[in-house]
Amino acid sequence: TQMTQSPSSQSAFVGDRVIITCRASRGINSFLAWYQQKPGKAPKLLIRAASTLQSGVPSRFSGSESGTDYTLTISSLQPEDVATYFCQEYDSGPLTFGGGTKVEIK
Amino acid sequence: EVQLLESGGGFVQPGGSLRLSCEASGFSMSDFDMSWVRQAPGEGLEWVSTISSTGGRADYADSVRGRFTISKDNSKNTLYLQMSLLRADDTARYYCAKAAQPRRFLDCLDYWGQGTPVTVSS
């Protein structure tokens, strides 16, 4: 399964809504996770099963799906959200990550 | 508290071998599948291998199949990755990671170690 993630980078103001999309090359039955990776750190699981927020993750993060399109939304961008975000499908092997979206503050 | 601590990375010449280890605490590896994921410098994440909770099933990325072997010692709560015939394009930080749900072979990864760097160069 190919995961096409867009955009590859995004710059927004504090308080802006940020939307990141992953398109799967086939149906993946909502087996889609989102990770946040800050510079020099390991990835952190934000969302699993397309829309289930991990414990402790701020509610400004949300996930949704429409067909084979999966979306991560940051409703109000905060300075601490500067990071690279990756999607990952885990419906079947091999596990596949999207190419990543680098989010920066304007 | 779940913790994963990788070790064993380093500098190796092409064609060489390394064994990575990942010591877990705060949970039992006998209950969860474990994976290795790597990240080349400045690049994205690449899944490398997954092993089942019992150790009876393993899968590999095409890029490493036949060269890398994943294993685990549940009594030591430790995961391993034996890497052989290393190539320059294996250069990356290697992370071990825990499956989010027990006994689900292909799953998202809810805890990650800090990674161990591997550099393959002559």
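Order of the sequence lines fixes the chain letters, A, B, ..., with proteins taken first and strands second; residue numbering starts at 1 for each chain. All values below come from the heavy atoms of this structure, side chains included, with hydrogens, waters and symmetry mates left out.
- Between A:Phe97 and A:Phe86, the two ring planes are perpendicular [angle over 60°; tilted spans 30° to 60°].
- Of the atoms belonging to B:Arg93, not a single heavy atom falls under 4.5 Å from chain A.
- By the 30° and 60° cut-offs, the orientation of the rings of B:Phe27 relative to B:Phe32 is perpendicular.
- For the set A:Ala33, A:Gly98, A:Pro94, the count of heavy-atom pairs under 4.5 angstrom toward chain B peaks at A:Pro94.
- Of the atoms belonging to B:Thr50, it is side-chain heavy atoms, and not backbone ones, that fall under 4.5 Å from chain A.
- Atom CZ of B:Arg57 has 12 or fewer neighbouring heavy atoms from other residues, nucleotides or ligands inside a 6.0 Å radius.
- Only the side chain of A:Gln37 comes within contact range of chain B, with at least one heavy atom under 4.5 Å from a heavy atom of that chain.
- Note: A:Leu95 leads A:Leu32, A:Leu95, A:Leu45 in heavy-atom pairs under 4.5 Å with chain B.
- Contact count against chain B (heavy-atom pairs under 4.5 Å) is highest for A:Pro43 among A:Gly99, A:Gly100, A:Pro43.
- Note: B:Arg104 leads B:Glu46, B:Arg104, B:Gln39 in heavy-atom pairs under 4.5 Å with chain A.
- Applying the 6.0 Å contact sphere to CD of A:Glu80 captures more than 12 heavy atoms from other residues, nucleotides or ligands.
- Proximity to chain A is limited to the side chain of B:Gln101, based on heavy atoms less than 4.5 angstrom apart.
- When each of A:Thr68, A:Thr4, A:Asp69 is checked for a side-chain hydrogen bond (donor to acceptor under 3.5 Å, both in side chains) with A:Arg23, only A:Asp69 meets the rule.
- Aromatic ring centres of A:Phe61 and A:Trp34 lie farther apart than the 6.0 Å criterion allows.
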